[in-house]
Student: 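Structure below; questions to follow.
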Amino acid sequence: MKTFNKSIIAALVFGTTAMGVQASSWENESKDAWIDGKAETVLLMNTNLNNFDINTDVKNGKVVLTGKVESELDKELAEELILSLDGVTDVDNELTVVKNTDTKSKKMKSDSAENDLTDAKITTVITTRYLFNSEVGGTDIDVDTDKGVVTLNGTVGSDAEKQLAVKIAKNAEDVHDVVDNLTIVAE
């Protein structure tokens, strides 16, 4: 009888441990799927990148980027966009540049091209954060960025939503200033 009780207790302990590992694995997989969805969305919303040529794989919060882009700037932009997402712990950027830009033509590129990419990144990051934040009606807010100055136009449902929208914009990387043109419309 003692052996039987020990066997049952051992089976229960083993079963509970296995269930805990399985639940933890499921939880990590769902977090990774959520991050993967956000990564695909942020790439889709950026007009400078062709997200159909970029693949994302997520494992324990680490995003692996594979596929092809047209320039080193696009490769860096994709990585920065993914790094800006909540839950991302690291990015392994394995993107291949298909139109290799030599050093001479890189120097010939103007600062405005880099500013345009930075502005596009800022706009995409803020818009994505609005869409994934349940407290902000992201589809009613238009985000425009020019040389690091973000202009918010559109409508929000309350003063609290307006303050949160402005705070999210101000907290984005590379933002120098935020112009708040949001209008409160009671629903």
Student: Output yes when a side-chain donor or acceptor of Asp119 lies under 3.5 Å from a complementary backbone atom of Lys147, and no otherwise.
Tutor: yes
Student: Could you go through the side-chain contact (heavy atoms from CB on, under 4.5 Å) check for Val91 and Leu65 one step at a time?
Tutor: CA-CA 7 Å; Val91 175; Leu65 297 174; 3.9 Å; yes
Student: Ignoring hydrogens, what is the shortest heavy-atom contact between Ala165 and Leu152? Give both atom names and the distance.
Tutor: O-CD1, 4.0 Å
Student: Any donor and acceptor pair, going by atom type alone, linking the side chain of Thr123 with main-chain N or O of Ala120 inside 3.5 Å?
Tutor: no
Student: Is any side-chain heavy atom of Tyr130 closer than 4.5 Å to a side-chain heavy atom of Val143?
Tutor: yes
Student: Under the side-chain contact (heavy atoms from CB on, under 4.5 Å) rule, what do Thr145 and Asp174 come out as? Steps first, then yes or no, please.
Tutor: CA-CA 11 Å; Thr145 309; Asp174 297 322; over 6 Å; no
Student: Rounded to the nearest 0.5 Å, what's the gap from NZ on Lys170 to CD on Gln163? Could you check?
Tutor: 10.0 Å
Student: Where the side chain of Asp32 meets the backbone of Asn60, is there a donor-acceptor pair that is under 3.5 Å apart?
Tutor: yes
Student: When rounded to the nearest 0.5 angstrom, what is the spacing between CG in Asp140 and OG1 in Thr183?
Tutor: 11.5 Å
Student: Can you tell me if Lys121 uses its side chain to pair, donor with acceptor, with the backbone of Leu77 under 3.5 Å?
Tutor: no
Student: According to a 4.5 Å side-chain heavy-atom criterion applied to Ile, Leu, Val, Met, Phe, Trp and Tyr, with indirect links allowed, do Leu43 and Val97 form part of one hydrophobic cluster?
Tutor: yes
Student: What's the verdict on side-chain contact (heavy atoms from CB on, under 4.5 Å) for Asp146 and Asp144, showing C-alpha distance, side-chain angles and the deciding distance?
Tutor: CA-CA 7 Å; Asp146 186 30; Asp144 293 310; over 6 Å; no
Student: When clusters are formed by joining ILVMFWY residues with side-chain heavy atoms under 4.5 Å apart, either directly or through shared neighbours, do Leu44 and Val42 land in the same one?
Tutor: no
Student: Report yes or no: do Ile184 and Val136 belong to one cluster of Ile/Leu/Val/Met/Phe/Trp/Tyr joined by side chain heavy-atom distances under 4.5 Å?
Tutor: yes
Student: Report whether Val58 and Trp34 are members of the same hydrophobic cluster (ILVMFWY, side-chain heavy atoms less than 4.5 Å apart, transitive linking).
Tutor: no
Student: Once rounded to the nearest 0.5 Å, what's the spacing between atom CG of Asp90 and atom CD of Glu79?
Tutor: 8.5 Å
Student: Looking only at non-hydrogen atoms, find the nearest pair between Lys38 and Asp86 and report the distance.
Tutor: NZ-O, 2.9 Å
Student: Examine distances only and state if a side-chain atom of Asn171 and a backbone atom of Lys167 form a donor-acceptor pair shorter than 3.5 Å.
Tutor: yes
Student: State, with a plain yes or no, whether a side-chain heavy atom of Leu81 is found less than 4.5 Å away from one of Val125.
Tutor: yes
Student: Between Ile141 and Ile126, is the side-chain contact (heavy atoms from CB on, under 4.5 Å) condition met? List the steps.
Tutor: CA-CA 10 Å; Ile141 301 173; Ile126 293 170; over 6 Å; no
Student: Checking Asn93 side chain against Lys75 main chain: does a donor-acceptor pair fall under 3.5 Å?
Tutor: yes
Student: Taking the side chain as C-beta and beyond, is there a heavy-atom pair between Ile82 and Ile35 under 4.5 Å?
Tutor: no
Student: Return the NZ to CG distance between Lys68 and Asp74, rounded to the nearest 0.5 Å.
Tutor: 13.0 Å
Student: Applying the side chain to side chain contact (heavy atoms under 4.5 Å, CB included) criterion to Asp180, which one of Val166, Val150, Asn153 satisfies it?
Tutor: Val166
Student: Report yes or no: do Leu182 and Val175 belong to one cluster of Ile/Leu/Val/Met/Phe/Trp/Tyr joined by side chain heavy-atom distances under 4.5 Å?
Tutor: yes
Student: Looking at every heavy atom in both Ile168 and Arg129, which two are closest together, and how far apart are they?
Tutor: CG2-CB, 3.8 Å
Student: Would you kindly say whether Thr56 and Asp36 are connected by a side-chain donor-acceptor distance under 3.5 Å?
Tutor: yes
Student: Search all heavy atoms of Ala78 against all heavy atoms of Leu95 and return the closest pair with its distance.
Tutor: CB-CD1, 3.7 Å
Student: Closest approach of Glu70 and Val98, non-hydrogen atoms and distance?
Tutor: CA-CG2, 4.2 Å
Student: Can a donor-acceptor pair be found, under 3.5 Å and without considering hydrogens, that links the side chain of Thr89 to the backbone of Gly61?
Tutor: yes
